[in-house]
Amino acid sequence: MRERGEMTSVPPEDQLKIAGKVKEMYSYVCQDIVKEYRKYDAEPDKFFVKHEGRNSVTERFVIFESSLSD
C-alpha cells in the first residue's frame, strides 16, 4: 500500500496497524495471477475500497483508499 502511494494520508504511527487490519479482512491467495490481473485491469473502479479511522495519537479523522480485489 505504501509503494502504491495509498498511505500518504495515513499517519506513520498508524500505517502498520491499518495494513494489518486490511490484510486480515481482504487477503487471499489467487489460483491464476494472470487471470487476476486481467480482472482488475478490466474494471479497476470496482476494486477500490475506502477506509476510515482515527489517528491513534492526534485522534484526527483519516480516510484512505486501497485497491483490493474481492
Side-chain angles (χ1 to χ4, degrees):
M1 290 169 39
R2 188 180 304 146
E3 292 170 354
R4 294 189 305 251
E6 296 171 347
M7 297 291 265
T8 56
S9 65
V10 178
E13 59 271 8
D14 291 332
Q15 289 182 359
L16 184 60
K17 181 170 51 171
I18 290 171
K21 186 168 179 86
V22 169
K23 181 179 176 183
E24 289 172 9
M25 294 175 66
Y26 299 104
S27 291
Y28 68 97
V29 177
C30 67
Q31 299 296 319
D32 183 355
I33 190 118
V34 174
K35 182 179 175 184
E36 190 74 13
Y37 275 103
R38 284 186 183 138
K39 179 175 80 171
Y40 179 81
D41 289 341
E43 298 179 90
D45 293 338
K46 180 179 176 182
F47 301 104
F48 280 87
V49 179
K50 184 178 275 191
H51 304 276
E52 300 175 353
R54 294 223 174 258
N55 179 318
S56 62
V57 176
T58 65
E59 296 296 320
R60 292 179 63 192
F61 191 68
V62 178
I63 299 174
F64 70 98
E65 290 183 346
S66 61
S67 51
L68 303 170
S69 299
D70 58 23

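Because the structure is a prediction, the values reported are computed rather than measured.
- Within 6.0 Å of CG on Leu16 lie no more than 12 heavy atoms contributed by other residues, nucleotides or ligands.
- Although no hydrogens or angles enter the test, the distance criterion places no donor-acceptor pair under 3.5 Å between the side chain of Ser9 and the main chain of Val62.
- Residues Ile63 and Met25 do not share a hydrophobic cluster, defined by chaining ILVMFWY side chains whose heavy atoms lie under 4.5 Å apart.
- Evaluated for a side chain to side chain contact (heavy atoms under 4.5 Å, CB included) with Pro11, the options Thr58, Asn55, Val57 yield exactly one hit, Asn55.
- Arg54 places a side-chain N or O within 3.5 Å of a backbone atom of Glu59 that can act as its donor or acceptor partner.
- A distance of 12.0 Å separates CZ of Arg38 from CD1 of Ile33, quoted to the nearest 0.5 Å.
- Rounded to the nearest 0.5 Å, atoms CD1 (Ile18) and CD (Glu13) are 9.5 Å apart.
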